[in-house]
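The analysis underlying the following values was restricted to heavy atoms, covering all of them including side chains, and did not include hydrogens, waters or symmetry mates. Counting starts at 1 for both ligands and their atoms, following the listed order.
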Amino acid sequence: MTDPAFGENLGAVAGALEAFIEVSRAADRPVLMLEPIGDLIERLDLARWARSGGLGGADLATFVERYLSACTALHHPGYMAHQVAVPNLTGALAGLVDAATNNAMTVYEMGPAPSAVEFFVINWMLDKVGWPPMALGGDASTGGGVLTHGGSLANLTALIAARNHAVPGVWETGVTPGLALMAPATAHYSISRAAGILGIGQRGIVQLDVDSRGAVIADRLPDALARAAAMGLRPFALVANACSTPVGIYDPLAEIAAFCRSNDLWMHVDAAHGASALLAPTRRRLLDGLQDADSFVWDAHKMLQSPVLCAAVLVRDHRTLDQAFQQDASYLFHEKDQPGVDFGRRSFECSKSAIGLRCFLALAALGETRLAESVDRQCDLAQQAYELIAARPGFECAVRPESNIVCWRVEGDDALQMRVRAAILAEGRHYISSTMFAGKRWLRLVLLNPATDIEHIAALMDSAERHASLSRAGSAPIATGG
Ligand SMILES: Cc1ncc(COP(=O)(O)O)c(C=O)c1O
């Protein structure tokens with residue numbers, strides 16, 4: 001029999017969540033409030049509940065309400081900070097279904113439904129780039145993929161596949177000195193982490209020249225290769241951005257693909273943020289050349305409204321991913337007659353959540369067309385924000401956006417930008433991030449929120465201007481940090 005409290009608890013949690021989302025959407029609470037962690041542990045009474053047990057019913061409702069009061073409110077129209085989706089609420093239910101069923105899906109028999117959804121989601125993504133879908137039985141000509149907990153792990157997985165493909169036997173022998181990869185300095189930090197993990201090291205990253213927007217200069221690729229050779233390095237892969245993390249600019253993928261083909265380099269595209277432009281007919285051209293890459297990653301929890309985390313590693317030839325990991329785990333992987341696939345063979349992770357369901361429920365709730373419209377809407381809003389900010393005296397933008405990321409600063413030094421950000425966060429009406437780009441500190445908007453419109457951005461600029469002048473005058477009681 002089901003735990004009789006389950007239904008009641010479900011209702012309590014649902015009620016608290018509904019209230020939290022409503023209040024957040026209406027901006028009737030601050031978008032974020034940073035309480036000291038020790039106070040929070042006490043306010044939530046964590047030690048008492050851990051000791052006594054018995055949390056449920058009305059107590060659970062109170063606990064969840066308090067917990068939510070200390071959560072950052074992504075549904076608030078002032079949330080414009082990071083590359084994390086405002087989750088579609090049907091998609092959000094995937095977390096509940098998954099946690100209650102716990103189908104950890106390393107092997108098919110531990111999660112037929114999650115495996116089927118993952119198989120479908122991967123093939124849906126392969127279709128968007130124009131690669132043939134995976135098939136049971138593994139025809140040599142098909143694409144392949146696996147879902148991972150995040151783009152960082154997805155990048156690592158793709159680069160392991162690339163290294164194993166370029167250096168047969170490396171899994172047994174380990175890497176030899178000189179193995180390298182090529183990437184722009186604007187690559188996400190997970191690429192340099194992957195280089196550390198892969199045994200290439202930071203010295204094994206050959207930096208690609210970029211233009212003033214941080215995009216790879218294709219004409220300079222031969223120079224980079226010559227530089228690598230002069231240093232005794234042997235690059236096996238090149239990583240391109242689609243788009244870059246700091247400012248959201250796309251590298252020239254078609255030209256990079258041609259260079260990789262003629263130099264026998266694996267082309268990996270970190271499209272964690274920008275692959276969603278594949279859905280939008282008006283923006284797809286930014287990804288021209290992606291179809292000629294060997295692998296790319298695509299995070300559904302960025303622009304596809306999926307709850308965290310749901311990232312995909314996609315490869316043009318599925319066999320390369322099958323060689324990424326070689327394991328002996330006789331308790332899981334053995335000959336068996338089954339009508340499905342063991343995704344655990346392709347994944348660094350052993351047990352894994354049913355992450356495909358997060359992407360799929362959001363996709364199924366909205367449908368492809370509305371999802372594409374939402375990608376377009378957020379990128380159009382970034383253009384509008386750029387026009388508004390660039391035209392405002394005393395403000396400057398880093399680049400004209402190609403995605404939904406807008407970087408800007410007020411007149412003044414880097415320290416002033418950080419003081420302005422801290423003051424804005426302390427007000428609680430807007431939550432923005434910041435980044436270094438081209439040697440300067442910028443304030444950064446990532447426009448993922450369907451509830452944010454140009455009026456919210458105009459109000460943010462008014463606040464920034466006010467805080468900047470107070471700070472310049474030295475009279476502002478501005479919070480530090482940020
Ligand atoms: C281009 C790019 N790649 C990878 C990542 C890492 O993704 P995740 O946070 O899902 O690990 C990010 C995160 O913002 C990113 O912008």
(request) Look up atom CZ in R220 and atom CG in D211, then write down how far apart they are to the nearest 0.5 Å. (result) 9.5 Å
(message) I need the L181 CG to L159 CG distance, nearest 0.5 Å.
(response) 6.0 Å
(message) So that I can tick it off, tell me whether D413 and R441 are bridged by a salt bridge, with the cut-off set at under 4.0 angstrom between side-chain N and carboxylate O.
(response) no
(message) Are F119 and W124 an aromatic pair, judged by ring center distance below 6.0 Å?
(response) no
(request) Tell me whether the centres of the aromatic rings in H82 and Y431 are closer together than 6.0 Å. (result) yes
(request) Anything with a heavy atom under 4.0 Å from ligand 1 counts, so go ahead and list those protein residues by chain and number. (result) Q83, G150, G151, S152, N155, H188, C243, T245, D270, A272, D299, H301, K302
(message) Using a 3.5 Å distance criterion without hydrogens, assess whether the side chain of R421 forms a donor-acceptor pair with backbone atoms of S434.
(response) no
